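All values derive from a computational prediction rather than experimental measurement. Index from 1, following the sequence.
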Amino acid sequence: MAAPGALLVMGVSGSGKSTVGALLASELGWKFYDADDYHSEENRRKMGEGIPLNDQDRIPWLCKLHDILLRDVASGQHVVLACSALKKMYRDILTQGKDGAAPKCKESGREAKWAKIQLLVVHLSGSFEVISERLLKRQGHFMPPELLQSQFETLEPPAAPEKFIQISVNKNVSEIIATIMETLKMK
């Protein structure tokens, strides 16, 4: 595999995506995006009210993120994206756009050669108990701990042919970053 144009740090809410993603981007000198910053007000309201998002809620959000990745990677910018990306379909939208072709989202003027983004998925995984405990300690986030079970029910962990590594959230952040950096050296 060629060096990825983008790294996706994924997992359920509370797995440490934003922390790991920001530190990793800083270490690599890459641009960092936190997908939570791109949720619509409607999505934030629903989650704040304890209503899990469905595919119809997530697809426009994922298309917006795909367009950002496409723009940056096409211009030569490497990117780290922290995003739950719980289903394979969601990860496919991030790399290929809606319905498998980048122009279906927003960037209709882009050339076909940019339609597929080289992505390495970093899945931060952990038990419901460990992540639930973390969520209960988190302050000021719109995602209430009550929605964690729905995230575990939705989760489709990455599998071949996706390019991915899975890292336990039981490791400390510096160990997680070191593992990712070592994996990138081998790619």
Side-chain angles (χ1 to χ4, degrees), residues 3-40 43-44 47-48 52-53 57-73 77-96 105 117-126 130-132 134-135 137-145 147-148 150-152 154-158 162-184 187:
L7 282 171
L8 167 64
V9 181
M10 66 153 290
V12 297
S13 186
S15 61
K17 299 178 297 290
S18 298
T19 300
V20 169
L23 288 170
L24 188 61
S26 177
E27 178 88 16
L28 290 166
W30 292 10
K31 197 163 189 176
F32 174 68
Y33 291 101
D34 189 329
D36 284 346
D37 295 340
Y38 296 88
H39 270 299
S40 67
N43 283 1
R44 289 174 182 269
M47 288 184 282
L53 299 181
D57 298 321
R58 288 187 177 110
I59 288 173
W61 169 66
L62 292 164
C63 280
K64 185 185 305 182
L65 294 167
H66 166 78
D67 292 343
I68 291 167
L69 289 176
L70 187 65
R71 178 197 68 213
D72 283 8
V73 171
Q77 174 69 55
H78 289 283
V79 177
V80 175
L81 172 66
C83 179
S84 54
L86 298 174
K87 291 184 180 180
K88 181 176 185 322
M89 175 183 83
Y90 301 163
R91 296 186 295 275
D92 288 346
I93 291 171
L94 288 173
T95 59
Q96 301 166 39
C105 280
I117 297 166
Q118 287 294 329
L119 185 72
L120 176 64
V121 177
V122 177
H123 177 206
L124 300 178
S125 65
V130 167
I131 294 175
S132 178
R134 287 178 170 194
L135 275 180
K137 294 175 185 171
R138 187 160 71 175
Q139 300 291 315
H141 195 276
F142 59 82
M143 174 74 173
L147 289 181
L148 183 59
S150 71
Q151 291 220 324
F152 270 93
T154 302
L155 179 63
E156 295 171 6
E162 289 180 276
K163 306 280 190 244
F164 73 96
I165 59 172
Q166 182 169 306
I167 303 176
S168 171
V169 299
N170 293 334
K171 294 183 176 195
N172 68 44
V173 174
S174 60
E175 289 176 305
I176 291 171
I177 299 294
T179 301
I180 297 166
M181 295 298 288
E182 192 60 36
T183 300
L184 287 174
K187 296 291 176 196

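- Listed by chain and number, the residues in a side-chain contact (heavy atoms from CB on, under 4.5 Å) with P60 amount to none (sequence neighbours excluded).
- L24 contributes atom CG, which lies 4.5 Å from atom CG of L28 (distance to the nearest 0.5 angstrom).
- Using a 4.5 Å heavy-atom threshold, the side chains of L62 and L94 count as touching.
- Contact record, W61 with A35: NE1-O, 2.9 Å, taken as the closest heavy-atom pair.
- Residues passing the side-chain contact (heavy atoms from CB on, under 4.5 Å) test with D57 are N43, K46, L53, N54, sequence neighbours excluded.
- Pairs engaging residues 21-32 under the side-chain hydrogen bond (donor to acceptor under 3.5 Å, both in side chains) rule: K31-Y33 [sequence neighbours left out].
- Partners of E156 according to the side chain to side chain donor-acceptor pair (under 3.5 Å) rule, which considers only residues two or more places apart in sequence or in another chain, do not exist here.
- Here the shortest heavy-atom pairing between L155 and M10 reads CD1-CE, 3.9 Å.
- Side-chain N or O atoms of S84 include none that pairs as donor or acceptor with a backbone N or O of L86 at under 3.5 Å.
- Contact of the I117 side chain with the Q96 side chain is not registered, since no non-hydrogen atoms from C-beta on lie closer than 4.5 Å.
- Counting heavy atoms from C-beta outward, M47 and H39 have side chains that approach closer than 4.5 Å.
- With sequence neighbours left out, the ring pair (Phe, Tyr, Trp, His ring centres under 6.0 Å) criterion links F152 to F128.
- With sequence neighbours excluded, no residue satisfies side chain to side chain donor-acceptor pair (under 3.5 Å) with T154.
- I167 is linked by a side-chain contact (heavy atoms from CB on, under 4.5 Å) to V122, L124, I165, K171, I176, T179, I180, counting only residues two or more places apart in sequence or in another chain.
- Nearest heavy-atom pair across A85 and L8 is CB-CD2, 3.8 Å.
- Within the 4.5 Å cutoff, the side chain of L184 has heavy atoms near those of the L120 side chain.
- Under the side chain to side chain donor-acceptor pair (under 3.5 Å) criterion, S18 pairs with D34, sequence neighbours left out.
- Residues forming a salt bridge (charged side-chain N to carboxylate O under 4.0 Å, His left out) with R58 (at least two apart in sequence, or on another chain): none.
- Counting only heavy atoms from C-beta outward, the side chains of E175 and V173 never approach each other to under 4.5 Å.
- Note that CG of D37 and CG of L65 are 10.0 Å apart. Values are rounded to the nearest 0.5 Å.
- With rounding to the nearest 0.5 Å, the separation of CE in M89 from CD1 in I59 is 4.0 Å.
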